[in-house]
2 protein chains.
Amino acid sequence: MIRLAVPARRAVRRAGFTVDLPLTRLSEAARLRVEQQLQRYAFRAGAPVVHRGQTVNGAYLVLKGRLRVYTVKPSGAEATLYHLTAGETCILAINALFNDLLYPAWVEAEADTVVGIIPGGLYRNLFQAEEAIQDLTVKSLSTLVFRLMDELEQVHSLRLDQRLSAHLLERANGQGVVTETQARIAGQLGSSREVVARILADMASRGWIETGRGRIRLVDTTRLAQMTRPGG
Amino acid sequence: MIRLAVPARRAVRRAGFTVDLPLTRLSEAARLRVEQQLQRYAFRAGAPVVHRGQTVNGAYLVLKGRLRVYTVKPSGAEATLYHLTAGETCILAINALFNDLLYPAWVEAEADTVVGIIPGGLYRNLFQAEEAIQDLTVKSLSTLVFRLMDELEQVHSLRLDQRLSAHLLERANGQGVVTETQARIAGQLGSSREVVARILADMASRGWIETGRGRIRLVDTTRLAQMTRPGG
DNA sequence: AGCGCAGTGTAGCGCAGGTTACAGACGGTT
DNA sequence: AACCGTCTGTAACCTGCGCTACACTGCGCT
């Protein structure tokens with residue numbers, strides 16, 4: 001990682017701090033061009049970043065925060081496809097960049113998030129010349145492929161309570177507390193609020209968790225982890 | 001596309017014909033090295049190609065036929081993740097090549113299939129030097145990402161009868177006939193034979209299809225296509 | 001011809017989970 | 001304190017579909 005202090009150009013919200021970019025081994029010339037042309041945008045938690053069908057003309061680097069990529073079912077319910085956390089690159093953007101396709105999903109900021117965009121033309125140039133960019137691209141795409149395959153497998157082979165357990169463990173903070181509304185969780189899992197409430201109530205009755213308004217405290221993480229395994 | 005006549009090295013079944021490789025714009029030197037080092041394997045329809053957890057050390061080019069990549073649920077039922085048809089590259093192989101990961105799924109030949117394997121070391125070299133290989137890699141990975149996202153969205157938002165309709169339309173030959181057993185179709189959709197039979201019976205009773213032993217004739221493709229749209 | 005396997009047809013049961021419909025409960029605002 | 005929007009708790013109902021169980025029917029093989 002190299003440190004880049006990049007000025008925000010047309011940021012939704014000002015974000016004037018220094019971040020790590022995954023651009024190690026980049027030539028000096030290339031780094032300068034990135035510094036000059038990188039566009040930085042900040043989004044508040046919950047803000048939409050990209051909507052479906054939007055043309056995307058660059059590589060998206062998540063500099064801070066967390067993005068959620070999701071689809072919307074005909075019923076209106078959402079379903080999360082995958083997440084991107086700080087230091088990762090938004091692959092679909094690169095994707096669309098090369099294939100000239102429209103963005104096939106929605107993206108929103110899950111926390112306060114800063115995104116750096118490398119314009120399409122520059123990225124294409126860098127990709128040809130810079131090994132670091134080639135590696136970044138392949139690695140990002142590969143990672144995404146694995147994530148999607150994993151998600152697909154889980155959707156096929158796990159029940160909702162198992163996926164919910166996994167979600168809680170994944171999103172708990174250091175104190176074992178998840179601060180999300182049940183409606184939000186339901187959206188992430190592609191289910192409905194009532195079903196999530198039903199499962200949470202069951203878990204609470206077994207003493208595995210404690211529920212509160214906008215928060216869930218994990219009590220028996222061992223059992224929860226057990227749940228996530230097929231047949232648990 | 002350039003024409004390459006590559007000798008089979010340790011082919012499961014001899015396959016002595018010429019195929020198209022997606023290696024246009026490859027330098028002469030590189031093409032020679034590929035010709036020398038490309039390993040060719042032939043698989044009969046239904047034969048296993050890669051099993052889960054296997055280490056894969058090269059790029060897989062599908063020269064002829066069709067591969068199916070799938071997972072196996074704890075119940076034993078399969079679920080297709082995606083397909084690779086002739087001219088496409090097995091991305092996960094490249095994936096594992098770069099990330100040094102184990103193959104996360106099973107692969108089988110769906111028809112009689114010939115696969116060309118470019119050894120890992122050679123591929124890595126080519127990737128650095130040859131723009132054609134870079135493009136192939138990114139394009140293959142991108143395509144896979146889109147396929148997986150699409151599959152994930154469909155699993156979330158379509159009922160089984162809708163996905164079955166889509167499957168039939170996709171797998172029908174020129175005469176509108178699908179030659180697959182119901183059990184096989186069920187496996188592809190991650191469902192069970194009985195459920196597929198139930199839905200097919202319903203479709204047949206409406207006059208949309210005609211069923212037979214190992215074959216399904218599509219009668220009303222318009223209605224079937226209508227089905228595949230959410231809310232159809 | 002007759003056997004047997006592989007494939008299809010059908011019916012019934014049960015469960016996960018989506019839907020509908022309310023009834024609180026918490027917390028911020030005035 | 002009163003109010004109201006947001007969130008949770010719960011119960012009843014219904015559908016999709018997986019599972020069990022068994023009868024039937026092409027089709028190849030001896």
Side-chain angles (χ1 to χ4, degrees), chain A residues 45-46 72-79 154-168 177-206 208-217 227-228 230-232, chain B residues 45-46 72-79 154-168 177-206 208-217 227-228 230-232:
Chain A
V72 175
K73 304 192 202 179
S75 65
E78 300 177 358
Q154 288 198 10
V155 168
H156 272 301
S157 63
L158 295 184
R159 281 192 319 272
L160 192 58
D161 55 347
Q162 299 178 303
R163 301 208 294 127
L164 177 53
S165 294
H167 179 84
L168 292 178
V177 173
V178 178
T179 51
E180 276 182 319
T181 69
Q182 298 181 356
R184 206 177 160 69
I185 294 173
Q188 310 238 0
L189 298 174
S191 177
S192 65
R193 209 264 309 157
E194 295 81 349
V195 177
V196 168
R198 185 196 296 162
I199 296 173
L200 287 176
D202 183 61
M203 287 178 176
S205 77
R206 293 167 194 261
W208 300 354
I209 60 171
E210 290 165 16
T211 63
R213 187 185 177 85
R215 58 191 295 289
I216 298 164
R217 147 163 278 121
M227 286 282 304
T228 64
Chain B
V72 176
K73 304 190 200 180
S75 65
E78 301 177 356
Q154 289 198 9
V155 168
H156 271 302
S157 63
L158 296 184
R159 280 191 320 272
L160 193 57
D161 54 348
Q162 299 178 304
R163 300 207 294 129
L164 177 54
S165 293
H167 179 82
L168 292 177
V177 173
V178 179
T179 50
E180 276 182 319
T181 68
Q182 298 181 356
R184 210 180 156 65
I185 295 173
Q188 310 239 358
L189 299 175
S191 176
S192 64
R193 210 263 312 158
E194 297 81 351
V195 178
V196 168
R198 186 194 295 161
I199 296 173
L200 287 176
D202 183 61
M203 286 178 176
S205 76
R206 294 166 193 263
W208 300 356
I209 59 171
E210 290 164 17
T211 61
R213 187 186 177 83
R215 59 191 293 289
I216 299 164
R217 146 162 279 121
M227 286 282 303
T228 64

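Predicted model only: the values in this text are computed from it and were never measured. Each chain gets a letter, A, B and so on, in the order the sequences are listed, and its residues count up from 1. Just so it is clear, the values below take in all heavy atoms, side chains as well, and ignore hydrogens, waters and symmetry mates.
Applying the salt bridge (Lys or Arg N to Asp or Glu O under 4.0 Å) criterion to B:R206, with sequence neighbours excluded, gives B:D202. For A:V72, the side chain to side chain contact (heavy atoms under 4.5 Å, CB included) partners two or more places apart in sequence, or in a different chain, are A:Y70, A:E78, A:W106. In this structure, B:R213 has no salt bridge (Lys or Arg N to Asp or Glu O under 4.0 Å) partners at least two apart in sequence or on a different chain.
C:dG7 atom C1' lies 14 Å from atom CD of B:E180, rounded to whole Å. In this structure, CZ of A:R215 is placed 15 Å from C1' of C:dA25, rounded to the nearest angstrom. Remark: P of C:dT8 and CE of B:M203 are 15 Å apart, rounded to the nearest angstrom. Taking atom CG of residue B:D202 and atom P of nucleotide C:dG9, one finds them 13 Å apart after rounding to whole Å.
Expressed to the nearest 0.5 Å, how far OG of B:S157 lies from CD of B:Q162 amounts to 8.0 Å. Here the NE2 atom belonging to A:H167 is positioned 11.0 Å from the CG atom belonging to A:L160, to the nearest 0.5 angstrom.
The phosphate of D:dG9 has OP1 or OP2 within less than 4.0 Å of a side-chain N or O from A:Q182.
Looking at the side chain of B:T211, the nearest of the listed nucleotides C:dG9, D:dC7, D:dG9 is C:dG9.
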Practice item. Take nucleotides 25-30 of chain D nucleotide by nucleotide from the 5' end and write B, S or -, depending on whether a protein heavy atom sits under 4.0 Å from the base, only from the sugar-phosphate, or from neither. Key: BBS---
Study note, to complete from the structure: Per-nucleotide protein contact along nucleotides 10-20 of chain C, 5' to 3', at a 4.0 Å heavy-atom cut-off (B base, S sugar-phosphate only, - neither), is B-B---SBBBB
Practice item. Kindly determine whether A:E210 and A:I216 satisfy side-chain contact (heavy atoms from CB on, under 4.5 Å), including the steps that lead there. Key: CA-CA 6 Å; A:E210 290 165 16; A:I216 298 164; over 6 Å; no
Practice item. Please step through side-chain contact (heavy atoms from CB on, under 4.5 Å) for the pair A:L200 and A:Q182, ending with a clear verdict. Key: CA-CA 9 Å; A:L200 287 176; A:Q182 298 181 356; 3.6 Å; yes
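With a cut-off of 3.5 Å on both pairing distances, the Watson-Crick or G-U wobble partner of C:dG12 is D:dC19.
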Output a table of donor-acceptor pairs, distance under 3.5 Å, between side-chain atoms of residues 183-198 of chain A and any protein atom two or more places apart or on a different chain; print 'none' if there are none.
{"residue": "A:R184", "atom": "NH2", "partner": "A:E108", "partner atom": "OE2", "Å": "2.9"}
{"residue": "A:Q188", "atom": "NE2", "partner": "A:E110", "partner atom": "OE2", "Å": "3.1"}
{"residue": "A:Q188", "atom": "NE2", "partner": "A:E180", "partner atom": "OE2", "Å": "3.2"}

